[in-house]
Visitor: 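Let me begin by handing over the structure; questions about it come next.
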Amino acid sequence: MNYELKEGFGSKIGAVLASAGSAVGLGNVWRFPTEVGNNGGAAFIFIYLICIAVIGIPVMMSEFVIGRHTRTNTISAFAKLAPGKWWRIEGVAGVFVAFLILSYYIVISGWTLFYLVESLGGQLQAGRDYSQVFNDFVSNPWQPVLMGAAFMGLTHFIIARGVQSGIEKSSKVMMPMLLLIIGILVVCSFSMPGSSEGLRFLLKPDFSKITASVILSAVGQAFFSLSLAMGCLCTYASYFRADTKLPKTAVGVSTIDTFVAILSGFIIFPAVFSVEGVSVDAGPGLVFITLPHVFNIAFSHLPWLGYIFSSFFYLLLLLAALTSAISLHESVTAYMLEAFSISRRKAAAAVSISCMTLGVACSLSFGVWSDLTLFGLNIFGLFDFTASKIILPIGGIIICLFTGWYLDRKLVESELTNCGTLRFRLFRLYYFIIRYVAPLAIAAVFVQELLA
Ligand code: PHE
């Protein structure tokens, strides 16, 4: 295999930061704290950590194996490894689901951009009715669309510049910035009165809270948060160098992702607990409705600190969203440019324009098109349901079965040990998990979610 034919990441650290950028996203800063709040705090975190270690890391390694071995986009990767076989469908599903998710991911990302602008303009400090601010904004026909378009523009700009000078370079700037902001916010949050109650909620597990549905939510969250089964990490792995250590990279990326998720909890809950009468299980509104309210009250004695805290927080959310959106975009762009032999600029433009068109429909489904429903879901809900509840879990199972049962064991081992030059002592454990444990666990989640 000629590793030099295609443009790839220039350094190992670039590969880790770009993949971590894909993993760290709204799922960490927005969805994880919501799930923790809904599922009883520390007990959920405990189960989540087990899911990351036992299922998340092995599945990520499998995606890396498929991507780096074939050095091509996800659709061609499956077609190359299993010519003429139905396994190829998984490649198509991965790219399709990345496209679908990107079209609604930009909507929420547009909201974070709006909140950042509002916060910087001092608008979130005015002691307004935040629930109304949020509802007025999302149901407005053009404002969220413009914000989503601006966000898409940023994503497009980075993708059009290419793998090294676009994705890798921007990840090397944005990821350290993101980690720095998290550090600053954690310190601010700890200094709030009442923060110890928030810490207790996050650190002291009450094991009686663990139920089947808590476990299943943890598996689902782990999958989403690590960007698994969407062709993103597979595409990025096709840019890895021959000497990149796959098991080590998977552990590194998962560690950064988990670290950011837990620290986001450390930022949000001490703040939430320091304000009386605010509930921790506010659901998706936690970040857009509860938090501005909390920031205002918690920092009422030091408004300038509240201004800094909230601006940094929405900047954090925006950076996290951007690095993830880039990976979703690249999953589709890589396919377009290789399959149709067109330039990167053209491929990227086609993806941006078509995703934005769907994005407009998703955005309008919070306002003027909210009556347009199918099975009781609006357009946004329908996209999310199809992608995360149906295609993703099935995709996860197929990736496990493909690597564990279809691919030659020697090929998998050779890729994970860089042709035998590295030691990977846990290979047998990995192989056992990927053949039995992971597919069964994901299947359990899938069935439960559908019945729920
Ligand atoms: N992992 C991202 C998050 O935590 C979401 C995502 C999924 C990004 C799939 C890219 C691909 O928000």
Side-chain angles (χ1 to χ4, degrees), residues 16-36 48 51-52 55-57 59-60 63-64 67 73-74 93-112 151-152 155 158-159 167 170-171 174-175 178-179 182 217-237 250 253-265 284 286-287 316-335 351 355 383-384 386-393 395-396 399:
V16 172
L17 289 179
S19 311
S22 168
V24 173
L26 297 174
N28 303 61
V29 190
W30 172 59
R31 199 167 184 265
F32 180 78
T34 309
E35 292 279 300
V36 172
Y48 179 76
C51 291
I52 293 281
I55 305 177
I57 296 178
V59 174
M60 190 183 289
E63 284 208 26
F64 283 172
N73 68 79
T74 312
V95 172
F96 175 72
V97 84
F99 182 77
L100 206 61
I101 292 187
L102 182 60
S103 65
Y104 69 80
Y105 207 79
I106 50 173
V107 176
I108 312 269
S109 306
W111 297 356
T112 69
F151 180 84
M152 187 49 131
T155 312
I158 295 172
I159 290 293
I167 302 175
S170 64
S171 304
M174 290 196 282
M175 288 309 285
L178 187 144
L179 295 175
I182 291 201
S217 309
V219 182
Q221 171 64 17
F223 244 73
F224 183 83
S225 188
L226 293 180
S227 307
L228 298 176
M230 292 172 229
C232 294
L233 294 182
C234 195
T235 306
Y236 275 9
V253 170
S254 307
T255 308
I256 297 179
D257 187 67
T258 308
F259 194 63
V260 172
I262 292 182
L263 286 184
S264 301
L286 188 67
V287 163
L316 165 71
L317 213 53
L318 186 70
L319 287 175
L322 189 55
T323 48
S324 293
I326 296 171
S327 73
L328 288 163
H329 199 303
E330 180 63 17
S331 176
V332 191
T333 304
Y335 165 69
V351 176
C355 258
F383 279 22
D384 184 33
T386 317
S388 60
K389 300 260 160 86
I390 302 194
I391 307 181
L392 277 189
I399 289 176

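Atoms within a ligand are numbered from 1 in the order they appear, just like the ligands themselves. What's counted below: heavy atoms across the whole structure, side chains too, no hydrogens, waters or symmetry copies.
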Visitor: Would you say Phe32 contacts ligand 1, with heavy atoms under 4.0 Å as the rule?
Guide: no
Visitor: Under 3.5 Å between some N or O of ligand 1 and some N or O of Phe224?
Guide: yes
Visitor: Hey, does Asn28 sit under 4.0 Å from ligand 1 if you only count heavy atoms?
Guide: yes
Visitor: Pull out every atom of ligand 1 sitting under 4.0 Å from any heavy atom of Ser324, numbered as shown with elements.
Guide: 2 (C), 8 (C), 10 (C)
Visitor: Against heavy atoms of Ser225, which atoms of ligand 1 measure under 4.0 Å?
Guide: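 Heavy-atom distances to Ser225 below 4.0 Å select 1 (N), 4 (O).
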Visitor: Taking atom CZ of Phe96 as the centre, does the number of heavy atoms from other residues, nucleotides or ligands within less than 6.0 Å exceed 12?
Guide: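 12 or below, so no.
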Visitor: To the nearest 0.5 angstrom, please state how far the CG atom of Leu26 sits from the CG atom of Leu317.
Guide: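 Leu26 atom CG to Leu317 atom CG measures 5.5 Å (nearest 0.5 Å).
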Visitor: In Å, rounded to the nearest 0.5 Å, how long is the span from CG of Leu179 to CE of Met174?
Guide: 12.5 Å
Visitor: Cut-off 3.5 Å, side chains only: do Ser264 and Asn28 have a donor facing an acceptor?
Guide: no
Visitor: At what distance is the nearest protein heavy atom to atom 9 (C) of ligand 1, and which residue and atom is it?
Guide: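 That would be Met230 SD, 2.6 Å.
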Visitor: What protein heavy atom lies closest to atom 12 (O) of ligand 1? Include the residue and the distance to one decimal.
Guide: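 Closest protein heavy atom to atom 12 (O) of ligand 1: Gly27 N, 2.7 Å.
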Visitor: From the options Ser331, Ala229, Ser227, Ala23, select the one whose nearest heavy atom is closest to atom 4 (O) of ligand 1.
Guide: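 The nearest heavy atom belongs to Ala23.
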Visitor: Does any donor atom in the side chain of Ser22 or Ser324 lie under 3.5 Å from an acceptor atom in the other side chain?
Guide: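 Their side chains do not contain a donor-acceptor pair, so the 3.5 Å distance test is not met.
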Visitor: What distance separates Ser254 OG from Met60 CE, expressed to the nearest 0.5 Å?
Guide: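 Answer for the OG-CE pair, Ser254 versus Met60, is 3.5 Å.
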Visitor: Checking Tyr48 against Phe32 for the ring-ring contact (aromatic ring centres under 6.0 Å, His included) test, could you report, in this order, the C-alpha distance in whole Å, the side-chain angles of both residues, the deciding distance, and whether it holds?
Guide: CA-CA 10 Å; Tyr48 179 76; Phe32 180 78; 5.0 Å; yes
Visitor: Could you tell me the residue and atom name of the protein heavy atom closest to atom 11 (C) of ligand 1, and the distance to it rounded to 0.1 Å?
Guide: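 I find the closest protein heavy atom is Leu328 CD2, 3.3 Å.
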Visitor: Taking Phe151's backbone N and O only, do any of them form a donor-acceptor pair with Thr155's side chain (distance below 3.5 Å, no angle check)?
Guide: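 Side chain of Thr155 to backbone of Phe151, a donor-acceptor pair under 3.5 Å: yes, one is there.
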Visitor: Which bit of Tyr105 gets closer than 4.0 Å to ligand 1, counting heavy atoms only: side chain, backbone, both or neither?
Guide: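 Under 4.0 Å from ligand 1, Tyr105 contributes side-chain atoms alone.
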Visitor: With heavy-atom distances below 4.0 Å as the criterion, list the atoms of ligand 1 near Ser327.
Guide: 10 (C)
